Every structure is written in C-alpha cells, then in structure tokens.
J.: 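First the structure, which I've put down as structure tokens, then a few questions once you've had a look.
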Amino acid sequence: MSTSSNTKLKALGLHLSIIAVLAVSFLVLPEYHSGIIARVLILAIYAMGYNLLFGYTGLLSLGHALFFASGMYGLGLAMQYLNAPPLVGLIAGLGFAAFVSAVIGFLALRTTGVAFMIVTLMFAQAGYLTILLMGEYTRGDEGFVIKQSQRMIAGFDLSHATNRYFVSVFLFGFCLLIIGWIVQSGFGKTLVAIRENEERARMLGYNVQLHKWIAVVISGTMSGAAGAAYALLFGYVGGTFATVQYSIFPLLYVLLGGAGTTIGPLIGALFMFYLIDISSEFTSAYLLVAGVALILLTLFAPQGIAGMLRKRVIRWLP
Amino acid sequence: MTDIKDSLFQPNRRRALKTLAVGAGTVAAAGMLPGLPGYNQAHSAEPIRIGFQVHRTGIGAAYGRWYDRTTEACVAKINAEGGINGRPIEIVAEDDGTDPKRGAEVVEKFASQHKCDVSFGTLFSHVVYGSAPRAGELKMPYFVVSEGHHVASGKLNRYTLQPGITDVKSQVQAMAPFISENLGKKVTMIYPDFAFGHDHRDYFSAAFEAQGGTILEKIAIPPTETSFTKYFPKIPRETEVIYHVMVGPAVLTFVKEMGEFFGPSRPEIFGFIDSLEAVDMTSPGLEFLDGTYFWEGMPRYAQEDQSEFDKAYREAVGVDENGASVSDSKDVSTFAHMFGCWETLHIIKAGMEAADYQGAADRSKLIEAVEAMSDMPHSHAHPQGAKVFNGKTHQTFGHQYISKVEGGKLVLAHTTSIEDTLYEDEVDYTTQSF
Amino acid sequence: MEFGPHLLLATLEGAIGAAVLALMAVGLSIVFGIMRVVNVAHGEFYMLGAVIAWWITSLIGGHPAYGFVVALIVAPLLVGAIAALADHLVLRRIDYDPERTIVATIGLLYVLQQLTLMTFGADARPVEAPFNKRIALPWFENGADGFAMYWPWGLSTTTYKLAVIAAAVVVLIGLWLLMTRTRAGLIMRATQLNRDMALAHGIPVEKVYALVFGLGAAIAALAAVLIVPIQQAHYLMGGDPLLLSFIVVIIGGLGSIPGTIVAAILIGMSDGIISVFFSPTLAKILATLLVAFVLIFRPQGLFGKRES
C-alpha cells in the first residue's frame with residue numbers, strides 16, 4: 001500500500017512540476033514559441049482525452065475529430081448566434097461534446113476492435129458532412145471567426161498572448177491532474193484491466209460495458225474541451241477540424257509520445273509540431289521528413305518516447 | 001517538372017536570400033549611379049520582409065505553385081525597379097498545407113519569428129478565416145488573394161484586406177445580365193457543397209432572379225466526390241442554361257462526365273473557369289465545350305487586342321500566349337487568379353511609399369494609406385484591368401471577363417463594366433480601432 | 001429525368017464504383033487477412049499506380065491503347081515491388097505489430113505522397129482511354145401507343161466504363177483461382193490460418209508476407225490504372241479509396257474475400273442508388289450511417305464469424 005501511495009505522490013509531483021515548468025517557461029520563451037506552446041497544449045488536451053480511451057482502455061477510435069468539433073461548434077455556435085459569453089460557451093461546448101460522446105459511445109460500444117474503429121470513423125464522417133449540410137449556420141468548410149471583442153472574460157482578454165498562454169497552461173494542467181487522478185484510481189485500474197483482458201475483468205464482476213461507456217464520455221468530453229478552448233483562444237471555428245485527418249492526429253501524438261502514459265500525449269504533440277515546424281524551415285518537403293521520422297520511431301522507439309522512458313529509466317512513470 | 005522539383009527542394013531561406021541578392025545588387029548598383037529615381041533613401045536598404053503564405057501542399061497546391069511563380073516574378077520586377085522606397089523586397093515563404101490551423105501558425109511565425117513587415121498571398125477561404133484572427137491580434141497587415149467574400153462581408157478585421165482581386169459576390173452578380181440576355185432564362189446550378197459554392201448559389205440566384213430569370217434546380221455536390229454522372233439526372237429537362245463551378249482535383253472528371261451525359265444534345269453551358277483552372281483546354285473529352293462560355297478572372301489566352309501590360313506580365317511570369325508555362329506547354333497556369341499576387345504586391349508597394357513606411361511601427365499608417373486608395377488604372381501594376389478599391393470594405397472591384405470556347409481556345413466575348421460588379425457596403429472597417 | 005432511367009443510370013455508375021472498390025478492397029483484405037495488419041498506405045499504392053500509368057502513357061506515343069496496355073502490366077509490378085521493399089525494410093523489422101504498423105504506414109503514406117508531389121507535381125493529370133465511345137441507352141415505357149422503346153435524355157454510358165466492370169470481374173476471378181487452386185494460394189491460406197504452424201511446416205513466412213504485401217499493393221495499382229482514364233492521376237487521390245476499401249473489408253468480414261466483394265458491391269451501389277432519392281450530401285451522410293449501423297448490429301461483418 002505504501003509503495004502505491006508513494007507512486008501516487010511521485011506521479012503528482014511529476015505532473016505539478018511539468019505544470020510549473022510550463023508556467024515559468026513563459027518568461028524565457030521567445031514570443032513565437034510561447035504562442036506555439038499555447039496551441040500545442042490545447043492539442044495535448046485533445047490527445048490526453050484520446051489516450052484515456054486508446055492507451056488505458058484499449059479502444060482505438062478513428063472518430064475523435066467528431067468530439068473535438070462538437071466542443072468547438074458547441075461553443076462557437078452559442079457565441080455566434082446566441083451571443084453567449086465565453087464561460088457559457090465553454091459549458092455549451094463541453095455539454096454538447098458530452099452528449100455526442102454519450103450517444104456515440106452507447107451505439108459504437110456494441111462493437112469492438114476493428115469494427116469499433118470503423119463505426120467511430122463513420123459517425124465522425126457523418127458529423128463532418130452534417131457540418132457541410134448545415135452550412136447556413138456552420139459556414140461549412142470555410143468556418144467563421146469569433147470576434148476578438150467577444151473573447152473576453154470579465155475584462156480579461158483571451159486573445160492577448162500572455163493571457164492565452166496562461167489560460168492554456170491552466171486548462172492543460174487541470175486536465176493533466178484529472179487524468180493523473182483517474183488512472184491512479186480504482187476506475188482507471190479497472191480500465192487497464194479491461195484493456196489487458198476484457199473477459200477476466202468481466203469474470204471479476206466488473207460492469208465492463210459501463211466502464212467503457214464512461215471512458216468514452218470522459219474521453220470525448222475532454223476532446224471537446226480542447227475543441228472549445230481552441231475556438232475560444234484562437235478565434236476560429238471550421239469544418240476542417242472535423243475531418244479524418246484530425247482524428248488521426250491524436251492517435252499519432254499518443255503513439256509517438258507513448259500510449260498509456262500520462263505525459264505521452266504532451267510529448268507526442270510537442271514532438272510532432274516541432275518536427276514539422278523546424279523541417280519546414282529547411283525544405284518544403286517537410287512531410288517527407290515527418291514520414292521518415294515516424295518510420296524511424298516505430299523501428300527504434302516502439303512504445304513511444306514516454307513508453308521508452310518508462311521501460312528504460314523511470315519505471316514508476318504514470 | 002524539373003522546376004517544380006527545384007522549387008520544392010530549394011530551402012526557403014536560400015531562395016529568400018536569392019531574391020534579396022537581386023534586390024541588394026540593384027540597390028548597390030544604384031548607389032554607384034546617383035540620381036537614379038527611387039533611391040533617395042538608399043541609406044536604409046534594409047529589406048522589406050513580406051511573409052508569403054503559400055499552399056505548397058494539400059488541396060491548394062496546384063494554385064500555390066503558380067502563386068509562388070507570380071510572386072517571385074513580381075518581386076524581381078519591383079526590386080529591379082528600385083524596390084519599395086529604395087528598399088528591396090524579401091519574400092519569406094511558408095507552406096500552410098492549405099489548412100486553417102497551420103495557416104494561423106504560419107501567420108504567427110511571420111509576425112514573431114521572421115519579423116515580417118506584412119503577410120500576403122492566401123487563396124483558400126478556410127485558410128483566410130483561420131489565419132485572419134491571428135493577423136488581427138498580432139497587428140500584422142494581412143493581404144489576401146482569395147476572391148472570397150469574407151473580407152467585404154465584414155467578418156474579418158481592420159488588418160485584413162483584399163485589394164488585388166475581386167470577390168465572388170461581385171463576380172457572380174456581374175454574370176447574371178449576360179446569361180439572361182444571351183443564353184437563357186431557366187438555369188440549373190451545379191456547385192460544390194461548401195461555403196464557396198454556397199456563395200455562388202446565393203449571390204447568383206439573387207442577381208439572376210432580379211433579371212427576371214428562374215433557377216430551376218440547385219445541385220450541390222459533396223466535396224471529395226470523384227464521380228459525378230449520378231447527379232446529372234437531377235438536371236430538369238427544361239433547363240436552358242447549366243451554370244457550373246467546381247474546385248479541387250476532380251474538376252476535369254466533372255466537366256468530362258457532363259459532356260458524356262449530354263452527348264449530342266446539350267443545353268447552353270456557362271461555367272466559372274475554376275472548373276478548369278490549371279487544366280489544358282485540349283484535354284481529351286473536353287471537345288463538347290466548344291461554343292460554351294466561361295467566366296475568367298483574366299483571359300487565359302492572349303487575345304487579339306492584347307494590352308502591352310498583359311504581354312509584359314506574361315513574359316515576366318513565364319507564361320505563353322496559351323496560358324501555359326513557357327517551358328512546358330502542358331503545364332497550364334492558374335491564370336484567372338494568380339494576377340492577384342502581382343497586383344497585391346504592387347499595392348503594398350504603393351501603400352508603403354504613400355505612408356512612408358519605415359518599420360513595424362508604421363503598419364497602421366500602411367493600412368490607412370491603402371484604405372485611402374480608390375482608382376487603380378490599367379497599367380503594368382494592374383495588368384488584369386482597371387480597378388476601384390473600396391477602403392471601407394477593404395475590397396477591390398474590377399472588370400470581369402466572359403470568354404467563349406472556340407476551337408479549344410477561350411476567346412473573349414464580353415467584358416463587364418465595374419459598375420456591374422458593385423454592391424452595397426456591408427461593413428466599414430475604418431471605424432474599427434487599430 | 002424520369003425515375004426509371006435515373007435509377008438505371010445511378011446503378012450503372014454505382015457498378016463502376018463497386019468494381020474498382022472491389023479490386024482495391026480485395027488487395028487490402030488479402031493483406032489484412034493474412035498478415036493481420038492495417039496498411040494505411042494502401043491508398044498511396046493506388047495513387048502510385050495512377051501516377052505511373054500517366055507517366056508511362058505520356059512516354060509512349062501513338063494510339064492511346066499502346067501506352068495503356070504497357071501501364072496495365074508495368075504499374076502493378078512496379079508498385080508491388082515498392083511495397084515488397086517497404087515490407088522488407090520496415091514492417092518485417094517491427095514484427096508486424098498492429099499498432100506500430102499503423103504508425104509506420106502513416107509514415108510511409110507521407111513519404112510516398114511527398115515524393116509524388118515533388119516529382120509529379122500538384123496538378124491532376126489525365127490519361128486518355130484506349131477506347132471511349134458514348135452509348136446512349138434505351139428505356140421502355142407503357143405509353144398511349146402501348147409498350148414503346150425510347151431514348152431518354154442523358155441516359156448513357158461509355159464503352160470504357162463497361163470495360164472497367166468487365167476487367168474487374170476477370171481480375172477477381174483470377175484472384176479467386178489463385179487463392180483456391182494453386183500452391184501459392186494454399187501457402188497463403190495456411191499462413192493465414194496459423195502462422196506458427198506454417199513456420200513449423202517449413203513455409204518461409206517472411207517471404208510469403210513480402211509477397212502478400214506486394215500483391216495487395218499491385219492489385220490496388222491495377223485498380224488505379226483501370227480508373228485513371230475516367231478520373232485523373234493526382235497526388236492526393238488515395239485518401240478516399242483507402243477509407244472506402246477499409247470499410248468494405250470490415251463490413252465484408254475480416255479476411256473473407258467473398259465477403260469483401262459482396263460488401264464492395266453493396267457499398268459501391270448504395271452510394272449510387274441512395275443519390276437518386278436524396279440531395280447529394282444528405283445521401284452521403286445516409287450511406288455513411290448505413291455502414292455504421294450495419295456494424296453496430298453485425299459487428300463481425302456480413303460474412304465474418306463471431307469471435308467467441
């Protein structure tokens with residue numbers, strides 16, 4: 001028991017130090033990079049939500065862009081057409097993402113494995129096409145802009161670089177602590193048990209379906225939170241974020257960073273962003289560089305970066 | 001093919017340096033020859049850095065390649081003529097992947113890492129929407145070359161302008177009188193089912209109904225569709241004119257399948273050249289287009305009464321009289337759109353010179369100087385034709401061209417007046433603070 | 001257009017889609033069934049087939065049929081060789097781990113796409129069909145003068161489109177014979193049933209895998225050569241066919257080739273036929289949801305066996 005609480009403390013310490021490092025970095029980071037880190041943190045929230053389902057529960061979804069877009073449009077439409085203030089918009093975004101993931105989870109969890117991949121992919125595709133079909137309100141692929149004047153919370157301007165940075169650190173930190181807490185909890189341990197052996201978990205008396213469904217809802221809501229935060233902080237809502245490509249991104253981040261680790265999503269998102277950003281300075285064939293890097297990583301760091309760390313260096317990594 | 005390869009392999013920096021070297025060389029040469037116009041301020045020969053947001057990859061890459069070539073040619077011309085206030089232009093190009101998220105990141109990169117003076121060049125509307133909020137927040141003038149109605153609709157901000165290319169609303173409404181007078185009163189529209197297509201649908205049907213015509217059917221094609229024949233039976237039999245506009249890599253399939261569908265008995269057909277932009281008009285399967293009409297932003301084929309400006313422009317960009325690359329006649333340019341880069345760069349030059357632009361602190365002065373512009377005469381700076389810029393809506397207005405396909409070439413049949421393209425202001429950006 | 005002719009036209013169009021989709025999906029299904037990996041780069045092999053076809057036909061002058069026939073042979077071989085090489089260099093080294101294969105093939109997808117963009121360019125490029133004649137189709141109507149035949153406006157197809165359907169059928173029959181009547185097919189099926197057992201019986205599993213991966217890619221390339229005179233070669237053309245064939249493989253039931261073919265016909269045809277009844281984008285949404293609900297109620301796919 002004491003080793004377990006020891007691990008818990010270490011994990012909490014690690015998470016708090018990451019948050020602290022991120023917060024302090026603002027003072028030393030050049031303007032461009034602090035802007036980028038703000039964006040990467042939002043994407044890392046998305047990937048963390050994805051990781052709960054994929055890394056910890058073992059369910060590979062190809063449709064998370066739907067949840068991201070649900071949060072984004074929940075907030076965007078509420079602010080655009082109902083003139084909702086940002087906090088109300090945020091609640092609308094989260095609520096809508098939670099609702100969508102609850103329904104999709106209920107339906108899609110009748111399947112497992114590859115069928116689950118396809119069902120989630122199909123629902124996401126239908127969602128994307130619905131955004132186009134409702135173009136009168138959503139403005140389809142083109143999307144719409146949330147005015148700078150609307151993105152204020154009690155005089156606090158969310159479009160201002162410093163504010164944006166700390167808001168994204170706050171949101172990221174909040175989600176990281178939640179994920180850290182969930183995976184250490186009995187619920188999280190049950191998810192891992194389901195991932196390792198679903199039949200065994202069922203025989204031990206766990207309600208496997210219910211656990212999976214809750215995991216889908218938490219995962220979808222967190223992905224939606226990222227979508228809503230993106231719209232709020234960067235002022236743009238658009239159908240592109242509901243395309244398949246944006247369902248693949250969190251999978252990629254998580255696999256690169258390390259599936260089933262709390263810090264993997266952040267590492268993966270950072271790595272992928274800077275890989276493309278830096279290589280694009282030297283060549284416009286940056287996708288080639290990214291492609292080769294992905295292949296090399298699968299060859300030499302199969303469990304992702306954090307997974308490799310856990311295996312070789314820090315065994316207690318959450 | 002080889003030049004594509006070169007341009008892709010060449011690092012952006014080196015290319016930027018090359019452009020810079022041309023300019024710097026000219027400046028140095030000018031320094032030895034005192035008295036040449038435009039070099040009075042040669043002491044501050046620090047280059048003007050223009051961030052060029054270009055679609056090098058993704059769905060817009062075919063357009064991006066020609067935007068790139070036009071921009072390079074234009075910068076070489078301006079620098080050879082003495083640059084801007086005696087300072088050479090340096091282009092800092094970044095690929096946005098035709099993606100709104102990357103687009104926003106690229107604008108941030110221009111503003112805070114590359115320290116660009118202004119940014120310019122975007123074509124696809126969703127990238128404009130994704131990037132414009134960041135440009136506004138970073139107080140970075142953002143000159144788009146997109147033909148979207150986004151700027152004039154008032155949805156963007158004071159820092160976003162579209163002075164070098166007309167918008168879809170004015171293009172579309174200017175077509176309505178020609179179609180109803182010459183082609184027919186009953187129209188079926190076929191357009192892509194996203195915002196660009198919806199703009200066509202809404203603005204054309206309004207303008208056409210005002211002319212006393214009727215729209216029989218509106219057929220919206222889902223994006224990413226690759227086969228079209230199954231949608232054509234929705235065209236009502238009594239249709240007199242097909243109005244089509246399509247974008248993306250499947251455009252040629254779309255037009256070919258339309259020809260196969262109609263066979264020998266087609267109605268009149270009026271299309272936006274977007275449906276065949278960068279596509280060779282002599283491609284197999286396009287023979288049926290003979291006798292149909294196209295809107296063109298700028299006539300792809302050199303016309304009989306070609307202006308000297310058109311001639312010089314083609315020469316500088318490396319485009320022959322058929323609108324194809326001089327080095328490869330199969331490599332057809334995006335001629336109806338890319339002039340926008342050329343004209344926008346000249347407007348940036350004119351704006352900076354009028355505002356006596358010195359550095360980032362003068363950005364708002366630059367915006368005000370551009371807002372103060374109105375008449376832009378047909379000239380080497382504006383080879384597409386004369387334009388009228390509306391400083392309040394940040395949008396330019398100009399002549400539109402309607403060409404008829406004759407023997408596999410587009411022959412100019414009608415030029416609209418600028419008045420045909422005007423509509424009421426929907427916004428006044430000059431009331432917004434900087 | 002009247003309902004009857006419209007339905008006939010949509011069915012014909014659906015059949016062309018189904019034919020090409022069936023080929024492409026069978027390629028993916030063989031890989032999936034035998035090697036148990038998802039090849040995300042499958043769509044890029046298809047794209048490469050089309051691009052190589054354009055390259056070959058533009059090199060060879062004369063009647064378009066010459067270049068086309070050469071492309072029909074060379075493109076699949078070349079693409080198959082590239083795939084086998086990728087298997088040898090990458091997949092074998094990661095031991096065909098399902099998750100790592102996904103990432104590795106996403107990497108491969110980027111590499112192939114970018115290389116094509118750099119060499120072939122961003123434009124969509126046409127390939128002329130070896131023959132292409134419009135055939136107007138008749139329809140029957142029980143009108144005032146009794147039962148009569150007439151030629152509805154727009155109801156037509158082309159000889160080339162019909163030939164694509166025929167060619168797909170021939171290739172599929174050939175594949176079925178290969179899998180069921182030859183020693184190579186026996187070896188592949190043995191490897192599919194039990195890799196370790198196959199290994200124990202002296203089957204060179206690694207070679208079989210490389211061949212299977214190459215074969216799957218070659219079939220995709222063949223499908224692309226067939227379709228490229230109707231559509232065009234473009235460096236981003238692999239995305240949608242990948243998704244569709246992936247769906248078809250799952251709906252058909254993992255590793256079941258007859259299931260894959262039936263599913264391809266169902267999905268290809270429903271895409272055409274649903275478009276008769278609804279507005280285009282709504283039709284796409286409904287077709288997409290249909291796939292989701294088939295799987296929700298039959299997760300093992302139409303022809304798959306439910307895992308115990």
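Naming convention: chains lettered A, B, ... in sequence-line order (proteins, then strands); numbering from 1 in each chain. As the structure is a computational prediction, the values presented were derived from the model and not from experiment. Values reported hereafter were calculated over all heavy atoms of this structure, with side chains retained and with hydrogens, waters and symmetry mates removed.
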J.: What are the two closest non-hydrogen atoms of A:G291 and C:Y110, and how far apart are they?
T.: CA-CB, 3.8 Å
J.: Around atom CE of C:M179, are there more than 12 heavy atoms of other residues, nucleotides or ligands at under 6.0 Å?
T.: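 Count over threshold, so yes.
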J.: Measure A:L62 against the heavy atoms of chain C and call it side chain, backbone, both or neither at under 4.5 Å.
T.: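 When you check distances to chain C, only side chain atoms of A:L62 fall under 4.5 Å.
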J.: Heavy-atom cut-off 4.5 Å, strictly under: side chain, backbone, both or neither for A:F106 against chain C?
T.: neither
J.: So, taking the atom named CG in A:L288 and the one named CG in C:L115, what distance separates them when rounded to the nearest 0.5 Å?
T.: 5.0 Å
J.: How would you list, by chain and number, every residue that makes a side chain to side chain donor-acceptor pair (under 3.5 Å) with A:Q245, sequence neighbours excluded?
T.: none
J.: Under 4.5 Å from any heavy atom of chain C, what part of A:L121 do you find: side chain, backbone, both or neither?
T.: side chain
J.: Can you tell if the side chain of C:F293 reaches within under 4.5 Å of the side chain of A:M122, non-hydrogen atoms only?
T.: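 No, every pair of side-chain atoms sits at 4.5 Å or beyond.
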J.: Do C:R100 and A:L255 come within less than 4.5 Å of each other through their side chains, counting heavy atoms only?
T.: no
J.: Might you point out which heavy atoms bring A:A115 and C:P299 nearest each other, and give the distance in Å?
T.: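 That closest heavy-atom pairing would be CB-O, 3.4 Å.
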J.: Side chain, backbone, both or neither: which part of A:L107 has a non-hydrogen atom closer than 4.5 Å to chain C?
T.: both
J.: Would you check if C:I94 and A:F300 make a side-chain contact, meaning some heavy-atom pair closer than 4.5 Å?
T.: no
J.: Just to be sure I understand the criterion: a residue of residues 282-289 of chain C counts if one of its heavy atoms is under 4.5 Å from a heavy atom of chain A. Which ones qualify?
T.: C:L282, C:K284, C:I285, C:T288, C:L289
J.: For the CZ atom on A:F99, are there more than 12 heavy atoms of other groups (residues, nucleotides or ligands in this structure) within a distance under 6.0 Å?
T.: no
J.: Quick one: list whatever passes ring-ring contact (aromatic ring centres under 6.0 Å, His included) with C:F32, sequence neighbours left out.
T.: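 Listed in chain order: nothing, the list is empty.
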J.: Taking the side chain as every heavy atom from C-beta outward, state whether C:I102 and A:L251 have any atom pair closer than 4.5 Å.
T.: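 Heavy-atom side-chain distance check passes, below 4.5 Å.
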J.: Among C:V248, C:L295, C:L243, C:I251, exactly one meets side chain to side chain contact (heavy atoms under 4.5 Å, CB included) together with A:I118. Which residue is that?
T.: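 Exactly one pass, corresponding to C:L295.
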J.: Under the rule for salt bridge (Lys or Arg N to Asp or Glu O under 4.0 Å), what residues qualify as partners of A:E136, not counting sequence neighbours?
T.: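 Listed in chain order: nothing, the list is empty.
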J.: Using non-hydrogen atoms only, which part of A:L297 is less than 4.5 Å away from chain C: side chain, backbone, both, or neither?
T.: neither
J.: Please determine which of A:V292, A:L294, A:V289 meets the side chain to side chain contact (heavy atoms under 4.5 Å, CB included) test together with C:V111.
T.: A:V292
